[in-house]
Protein chains: 2
Amino acid sequence: MANDIPDIVIGRLPVYLRALRRLAQDGEKATTSSQELGERLGISSAQIRKDLSHFGEFGKQGTGYHIDYLIEQLRHILHLDVEWPVVLVGAGFLGHALASYGGFHRRGFRIVWIFDNDPEKIGVKMGGILVQPVEELEDTVRAEKARVAILAVPASAAQEITDILVEAGVQSILTYAPISLVVPENVQVQYSDPVVQLQRMTYYLHP
Amino acid sequence: MANDIPDIVIGRLPVYLRALRRLAQDGEKATTSSQELGERLGISSAQIRKDLSHFGEFGKQGTGYHIDYLIEQLRHILHLDVEWPVVLVGAGFLGHALASYGGFHRRGFRIVWIFDNDPEKIGVKMGGILVQPVEELEDTVRAEKARVAILAVPASAAQEITDILVEAGVQSILTYAPISLVVPENVQVQYSDPVVQLQRMTYYLHP
DNA sequence: TAGATTGTTAATCGATTAACAATC
DNA sequence: TAGATTGTTAATCGATTAACAATC
């Protein structure tokens with residue numbers, strides 16, 4: 001069963017989910033509409049309705065979408081009704097920031113292992129988690145069946161660590177290294193390179 | 001003169017640039033081809049040629065693209081032949097990681113101001129830069145004509161800080177806050193929310 | 001010359017939007 | 001009932017790709 005639903009649609013669902021959670025938190029109303037959501041996100045209401053219609057009928061004519069119900073549906077679609085344990089590789093400043101970030105909790109993820117190759121870092125606690133030697137990465141991933149990883153290592157180490165992660169069974173990698181990774185097609189990669197993101201904007205700045 | 005060239009094309013150029021710089025650094029050859037580049041990036045060669053053709057003719061039949069020359073052209077197109085001073089708001093762990101990141105240098109950016117609202121942080125040096133009180137943000141941005149900002153503040157502060165930045169003249173914002181920002185249409189925003197990125201991948205994981 | 005690879009065209013493929021019947 | 005808003009259709013719009021003449 002291959003994937004019927006466009007990647008680009010899947011990519012928007014977490015953004016919808018985030019906006020819905022905000023609406024739920026504000027607690028002003030129990031329902032919202034594709035129009036209201038679209039205005040907040042800068043997306044057309046038709047697109048939101050179309051995206052959601054790939055998965056079912058979640059709204060009611062005349063009233064819109066029940067916020068809590070739609071949140072539950074999106075969580076289910078995105079497989080967020082379980083908490084995913086995450087392996088973090090790289091315990092530099094960025095690794096430290098990620099390990100200490102409170103935002104994973106309740107949104108589906110928890111960093112539970114941290115690895116680094118620097119003897120100074122090994123044994124240190126970050127976000128309450130002990131930093132382990134990278135030599136143990138492969139065995140740990142395999143034994144614990146970790147499927148989600150975050151890469152916060154220098155470009156020079158990124159492909160090598162990726163190969164280890166993939167070999168050990170990781171299927172989803174969020175990478176901060178400024179390099180394009182080569183992975184098998186069943187492995188998902190999301191890139192976060194601040195420089196690339198900044199460079200996407202300077203085109204529009206007239207010097 | 002409005003923008004003729006699709007956003008999606010602009011978005012790929014920094015990725016091409018990054019790959020080209022890697023090739024230049026390896027120093028094995030002076031030229032590359034759309035095919036080689038495409039294989040490294042997982043993009044079709046036709047797309048690379050098409051993207052570049054929006055801006056001119058940079059290659060030669062039979063030999064491909066001269067790497068250094070194409071790098072220079074892309075830098076020029078993306079307005080990276082000047083170094084952009086960047087204002088960073090938020091001096092938490094993430095702000096610290098960004099301030100200490102060596103990767104901005106030589107890729108077109110330099111963080112030169114850091115602001116925070118925490119008295120404990122103000123006066124501290126991060127990446128060699130003094131953290132200043134957020135009360136001075138607006139005046140500094142205006143006086144120094146900063147046009148690029150990075151937001152590393154909690155969701156609760158993000159829209160408020162955004163409004164100040166926009167009011168003071170910032171036109172490009174890279175935000176790490178887990179919230180959709182509302183900005184005028186002449187302001188560019190790039191989002192980096194690790195949870196959203198992870199959530200985009202769990203859809204493809206079968207629990 | 002033979003081989004390689006560009007830039008571009010036209011065809012294909014895919015995504016977005018406008019509009020509206022259905023219905024809460 | 002009147003007003004609002006969904007889910008869906010068909011039309012439009014835009015992006016990608018295959019193919020190839022041009023030419024280095």
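Small disclaimer: the values here were computed from a predicted structure and weren't measured. Naming convention: chains lettered A, B, ... in sequence-line order (proteins, then strands); numbering from 1 in each chain.
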Quickly work out the [X] [atom1] to [N] [atom2] distance and round it to whole Å.
X       : N      : atom1 : atom2 : value
A/Lys29 : D/dT5  : NZ    : P     : 10 Å
A/Lys50 : D/dA11 : NZ    : P     : 14 Å
B/Leu52 : C/dG7  : CG    : P     : 7 Å
B/Leu70 : C/dT5  : CG    : C1'   : 14 Å
A/Ile43 : C/dA15 : CD1   : C1'   : 13 Å
A/Ile48 : D/dT6  : CD1   : P     : 9 Å
B/Asp51 : D/dA15 : CG    : C1'   : 10 Å
B/Tyr65 : C/dA4  : OH    : C1'   : 13 Å

Next item on the list: Step by step, work out the side-chain contact (heavy atoms from CB on, under 4.5 Å) result for B/Val15 and A/Arg200.
Entry: CA-CA 10 Å; B/Val15 178; A/Arg200 283 178 178 151; 3.8 Å; yes
Next item on the list: Please report the C-alpha distance between A/Ile173 and A/Val166 in whole Å, then the side-chain angles of each, then the deciding distance to 0.1 Å, and finally whether the side-chain contact (heavy atoms from CB on, under 4.5 Å) criterion is met.
Entry: CA-CA 9 Å; A/Ile173 299 172; A/Val166 169; 4.3 Å; yes
Check: From B/Ile129 CD1 over to B/Arg110 CZ, what is the distance, rounded to the nearest 0.5 angstrom?
Finding: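 If we round to the nearest 0.5 Å, B/Ile129:CD1 and B/Arg110:CZ are 8.5 Å apart.
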Next item on the list: Report the distance from atom CD of A/Gln197 to atom OG1 of A/Thr202, rounding to the nearest 0.5 Å.
Entry: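 Output value for this atom pair is 12.5 Å.
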Next item on the list: Check DNA chain D for consecutive Watson-Crick or G-U pairs with both distances under 3.5 Å and list the runs of at least three as stems.
Entry: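 Looking at DNA chain D, the stems formed by three or more consecutive pairs are C:3-24 with D:3-24.
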Check: Is there a donor in the side chain of B/Ser53 and an acceptor in the side chain of B/Arg49, or the other way round, less than 3.5 Å apart?
Finding: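 Judged by distance alone, the side chains do not pair up.
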Margin query: For the residue pair A/Gln159 / A/Asp163, report whether a side-chain donor-acceptor contact shorter than 3.5 Å exists.
Written below: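 Yes, A/Gln159 and A/Asp163 have a side-chain donor paired with an acceptor closer than 3.5 Å.
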Next item on the list: Might you work through the side-chain contact (heavy atoms from CB on, under 4.5 Å) test for B/Ile71 and B/Arg21, ending with a clear yes or no?
Entry: CA-CA 7 Å; B/Ile71 288 172; B/Arg21 287 208 131 130; 4.2 Å; yes
Note to self: Just N and O in the side chain of A/Arg12: are any of them under 4.0 Å from OP1 or OP2 of C/dA15?
What the structure shows: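 For A/Arg12, the contact criterion (side-chain N or O under 4.0 Å from OP1 or OP2 of C/dA15) is not met.
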Check: Looking at the side chain of A/Ser34, which of D/dT8, D/dT17, D/dT6 is the nearest nucleotide?
Finding: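 Of all the options, the side chain of A/Ser34 is nearest to D/dT6.
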Notebook entry, point to check: Which nucleotide in the list D/dT17, D/dG7, C/dA15 gets nearest to the side chain of A/Glu57?
Noted result: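 Nucleotide nearest to A/Glu57's side chain: D/dG7.
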Check: Using 30° and 60° as the class limits, which term best fits the ring planes of B/Tyr203 and A/Phe55: parallel, tilted or perpendicular?
Finding: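 Judged by the thresholds at 30° and 60°, the geometry between B/Tyr203 and A/Phe55 is perpendicular.
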Next item on the list: Identify, between B/Ser33 and A/Ile8, the residue whose nearest nucleotide on DNA chain C lies closer to the 5' end.
Entry: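 It is B/Ser33, whose closest nucleotide lies nearer the 5' terminus.
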Item checked: ring-ring contact (aromatic ring centres under 6.0 Å, His included) partners of B/Tyr101, counting only residues at least two apart ->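 Residues passing ring-ring contact (aromatic ring centres under 6.0 Å, His included) with B/Tyr101: B/Phe104.
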Next item on the list: At under 4.0 Å between heavy atoms, which parts of nucleotides 19-24 of chain C does protein reach? Answer with one letter per nucleotide, 5' to 3': B base, S sugar-phosphate only, - none.
Entry: B--BBB
